[in-house]
Chemist: 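Would you mind keeping the following structure in view while I ask a few things?
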Amino acid sequence: QAQLVESGGGLVQPGGSLKLTCAASRFAKDDYMTAWFRQAPGKEREEVSCINMQDSTQYYSASAKDRFTISKDHAKSTVYLEMTNLQPTDSGVYYCAVHLGSLYVGPGVPCGLWNMAHWGEGTLVTVSS
């Protein structure tokens, strides 16, 4: 059973930074997609960023673009999300998710919540003064 474990969440002041980590158990396939989603209380889960683990093609939501950076260490099956200039609207539980196989992603083209078959338990990010 594939397992994803997120870490790195916490409390940060507005304008601050955090780096989230998603550590995955090894998958049978080398080509897969890893995405970060977040969910604020009372709101739907939204995709923040997604990366193709083979060719590094990426997607960013409009709110994440220019502030967040997704990166990977394929050998370690690990994906990172560096978040800068955090704002209270960035608060929520951040989930890591995996889709086995390749998807086309790019500007305006996310991985898609319903494509993701494996999910972590999430890590809480709170942006508050």
Chemist: Not counting sequence neighbours, list each pair that qualifies as a salt bridge (charged side-chain N to carboxylate O under 4.0 Å, His left out) and has a residue in residues 100-112.
Modeler: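 Listed once each, the pairs would be none.
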Chemist: Taking all heavy atoms of Lys72 and all of Ser56, pick out the closest pair and write down the distance.
Modeler: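 Closest pair (atom of Lys72, atom of Ser56, distance): CE-OG, 2.9 Å.
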Chemist: Among residues at least two apart in sequence or on other chains, which ones pass side chain to side chain contact (heavy atoms under 4.5 Å, CB included) with Val125?
Modeler: Leu18, Leu20, Met83, Tyr94, Val127
Chemist: Please round to the nearest 0.5 Å and tell me the distance separating atom CZ of Arg67 and atom CG of Asp90.
Modeler: 4.0 Å
Chemist: With sequence neighbours excluded, tell me which residues meet side-chain hydrogen bond (donor to acceptor under 3.5 Å, both in side chains) with Thr123.
Modeler: none
Chemist: Write out all pairs satisfying salt bridge (charged side-chain N to carboxylate O under 4.0 Å, His left out) with one or both partners inside residues 43-57, taking only residues at least two apart or from two chains.
Modeler: Arg38-Glu46
Chemist: When rounded to the nearest 0.5 angstrom, what distance separates CG in Leu103 from CE in Met116?
Modeler: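 These two atoms lie 7.0 Å from each other.
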Chemist: Quick check: is Leu81 connected to Val93 through a chain of hydrophobic side chains (ILVMFWY, heavy atoms under 4.5 Å apart)?
Modeler: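 No: no chain of side-chain contacts under 4.5 Å links Val93 to Leu81.
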Chemist: Sorted by first residue and then second, give each salt bridge (charged side-chain N to carboxylate O under 4.0 Å, His left out) pair with at least one member in residues 100-127; sequence neighbours left out.
Modeler: none
Chemist: Under a 4.5 Å side-chain heavy-atom rule over Ile, Leu, Val, Met, Phe, Trp and Tyr, are Val105 and Tyr60 clustered together?
Modeler: no
Chemist: Which ILVMFWY residues are connected to Val5, directly or by a chain of links, through side-chain heavy atoms under 4.5 Å apart?
Modeler: none
Chemist: According to side chain to side chain contact (heavy atoms under 4.5 Å, CB included), who are the partners of Ser17, at least two apart in sequence or on a separate chain?
Modeler: Thr84
Chemist: Just by distance, do the side chain of Thr57 and the backbone of Asn52 share a donor-acceptor pair under 3.5 Å?
Modeler: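 Flag not set: sc Thr57 to bb Asn52 has no pair under 3.5 Å.
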Chemist: Please name all residues satisfying side chain to side chain contact (heavy atoms under 4.5 Å, CB included) with Ala24, sequence neighbours left out, ordered by chain then number.
Modeler: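 Leu4, Phe27, Ser77.
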Chemist: Hey, are the side chains of Met53 and Val98 touching, using non-hydrogen atoms and a 4.5 Å cut-off?
Modeler: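 No; the side chains remain at least 4.5 Å from each other.
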Chemist: Rounded at 0.5 Å granularity, tell me how far CD in Gln13 sits from OG in Ser128.
Modeler: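 Atom-to-atom, Gln13:CD and Ser128:OG are 8.5 Å apart.
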Chemist: Which pairs pass disulfide bond (SG atoms under 2.5 Å apart) with one or both residues in residues 97-129, sequence neighbours excluded?
Modeler: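 Checked against disulfide bond (SG atoms under 2.5 Å apart) - neighbours excluded - the pairs reaching residues 97-129 are Cys50-Cys111.
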Chemist: Which residue is it: Val79, Thr34, Val48? I am looking for the one with a side-chain contact (heavy atoms from CB on, under 4.5 Å) to Ile70.
Modeler: Val79
Chemist: What closest approach, in Å, do Cys22 and Trp36 show between heavy atoms, and which atom pair accounts for it?
Modeler: CB-CZ2, 3.5 Å
Chemist: Please enumerate all residues that pass ring-ring contact (aromatic ring centres under 6.0 Å, His included) together with Phe37, with sequence neighbours excluded.
Modeler: Trp119
Chemist: For residues 96-115, which residue pairs pass the salt bridge (charged side-chain N to carboxylate O under 4.0 Å, His left out) check, not counting sequence neighbours?
Modeler: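 Pairs touching residues 96-115 that pass the test: none.
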Chemist: Could you tell me which residues satisfy side-chain hydrogen bond (donor to acceptor under 3.5 Å, both in side chains) with Asn85, sequence neighbours excluded, listed by chain and number?
Modeler: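 With sequence neighbours excluded, Asn85 shows a side-chain hydrogen bond (donor to acceptor under 3.5 Å, both in side chains) to Gln87, given in chain and number order.
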Chemist: Report yes if some heavy atom in the side chain of Pro110 is under 4.5 Å from a heavy atom in the side chain of Ser61; otherwise report no.
Modeler: no
Chemist: Look up atom NZ in Lys65 and atom CD in Gln58, then write down how far apart they are to the nearest 0.5 Å.
Modeler: 11.5 Å
Chemist: Could you walk me through whether Tyr80 and Glu82 pass side-chain hydrogen bond (donor to acceptor under 3.5 Å, both in side chains), step by step?
Modeler: CA-CA 6 Å; Tyr80 308 96; Glu82 291 191 78; over 6 Å; no
Chemist: Answer yes if Val109 and Trp114 sit in the same cluster of Ile, Leu, Val, Met, Phe, Trp and Tyr residues linked by side chain heavy atoms under 4.5 Å apart, and no otherwise.
Modeler: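 No, Val109 and Trp114 fall in different hydrophobic clusters.
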Chemist: For the CD1 atom of Ile51 and the CE atom of Met33, what is their distance to the nearest 0.5 Å?
Modeler: 8.5 Å
